[in-house]
Amino acid sequence: MPAPLDVDEALRQPSIRLWRRLMRLTQGKIREVEGALSPLGLTPTEFDLLAVVRAHPGATQQELAQHMLFTEGNMTYHAQRLLSRGLIRREVAGRTKRLSLTPEGSALMDQALPVVVDIHEAQFAELTTDQLQQLEGLLRLLR
């Protein structure tokens with residue numbers, strides 16, 4: 001049985017340091033996006049779902065769940081919340097449920113999208129185009 005790692009030594013490991021940095025960055029950006037979307041009455045998850053519905057109007061709940069990496073249960077829960085607020089509509093044909101934005105949902109996305117885009121553009125503003133491409137390639141390797 002290998003000897004247990006010293007906690008201080010483990011926290012200095014490059015993989016652990018990188019993981020912790022990614023988590024801090026992600027958590028900070030999530031809080032920033034939450035704060036920016038809150039006045040619009042949206043959570044980041046609701047924004048993401050509205051954005052995916054906007055990008056794929058008429059897609060089935062199952063197709064949207066795959067785009068969002070949601071379980072069908074999560075998809076149903078979040079779709080129901082947006083349906084009850086009148087931001088999306090569901091068209092049912094047999095067992096197929098297709099979603100699209102309502103005019104209210106589209107108007108809300110017109111407000112929210114520039115806010116979120118500005119946050120993320122500012123986050124990566126100091127990186128060159130080449131650095132952004134390199135970072136994207138490196139992150140793809142982590143799948």
Test side chain to side chain donor-acceptor pair (under 3.5 Å) applied to Arg140 - qualifying residues, sequence neighbours left out: Glu136
Are Val33 and Phe47 close enough, and set up right, to give a side chain to side chain contact (heavy atoms under 4.5 Å, CB included), and what steps lead you there? CA-CA 10 Å; Val33 171; Phe47 169 82; 5.8 Å; no
Rounded distance (nearest 0.5 Å) linking atom CG of Leu138 with atom CD of Gln131: 11.5 Å
Going through the checks in order, is the side-chain hydrogen bond (donor to acceptor under 3.5 Å, both in side chains) test met by Thr102 and Glu104? CA-CA 5 Å; Thr102 63; Glu104 294 81 7; 3.2 Å; yes
Taking every non-hydrogen atom, the tightest pair across Gly58 and Ser100: N-CB, 4.2 Å
Can you tell which of Leu99, Leu50, Leu108, Val53 makes a side-chain contact (heavy atoms from CB on, under 4.5 Å) with Leu82? Leu50
Where Ala79 and Leu49 come nearest, the two heavy atoms and their spacing: N-CD2, 3.9 Å
Apply side chain to side chain contact (heavy atoms under 4.5 Å, CB included) to residues Asp48 and His78 and explain how you reach the verdict. CA-CA 11 Å; Asp48 286 345; His78 290 291; over 6 Å; no
Under a 4.5 Å side-chain heavy-atom rule over Ile, Leu, Val, Met, Phe, Trp and Tyr, are Leu132 and Leu142 clustered together? yes
Test of understanding: clusters of I, L, V, M, F, W, Y form through side-chain heavy atoms closer than 4.5 Å, transitively. Do Ile16 and Leu18 belong to the same one? no
4.5 Å side-chain heavy-atom contact, Glu46 and Leu87: no
Where do Ala112 and Leu37 come nearest, in terms of heavy atoms and distance? CB-CD2, 3.9 Å
Polar side-chain atom of Gln80 near backbone of Tyr77 as donor-acceptor pair, under 3.5 Å: no
I'd like to know if Phe124 and Leu22 are part of one continuous hydrophobic network [Ile/Leu/Val/Met/Phe/Trp/Tyr, side-chain heavy atoms within less than 4.5 Å]. no
Is Arg21 close to Arg17 at the side-chain level, that is, under 4.5 Å between some pair of heavy atoms? no
Does atom CD (Glu9) have a neighbourhood of more than 12 heavy atoms from anything else shown, all under 6.0 Å? yes
Is there a path of hydrophobic side-chain contacts, each under 4.5 Å between heavy atoms of I, L, V, M, F, W or Y residues, that connects Leu83 with Leu40? yes
Indicate yes or no for a side-chain donor-acceptor contact from Arg85 to the backbone of Gly41 under 3.5 Å, with no hydrogens or angles considered. yes
Where do Met75 and Gln61 come nearest, in terms of heavy atoms and distance? CG-O, 3.6 Å
For the atom pair CD (Gln133) and CG (Leu127), what is the distance rounded to the nearest 0.5 Å? 11.5 Å
Ile119 and Leu113: same hydrophobic cluster, using ILVMFWY side-chain contacts below 4.5 Å? yes
Closest contact, heavy atoms only, His56 versus Leu64: CB-CD2, 4.2 Å
With heavy-atom distances below 4.5 Å as the criterion, would you say the side chains of Glu91 and Lys97 are in contact? no
Pairs where residues 22-42 contributes a residue and the test side-chain hydrogen bond (donor to acceptor under 3.5 Å, both in side chains) is met, not counting sequence neighbours: Lys29-Glu32
Can you tell me if CZ on Arg90 sees more than 12 non-hydrogen neighbours from other groups inside 6.0 Å? yes
Derivation and outcome, side chain to side chain contact (heavy atoms under 4.5 Å, CB included), residues Glu72 and Gln62: CA-CA 7 Å; Glu72 286 192 43; Gln62 184 178 22; 3.9 Å; yes
Which pair of non-hydrogen atoms, one from Gln111 and one from Pro114, has the smallest distance, and what is that distance? O-CD, 3.5 Å
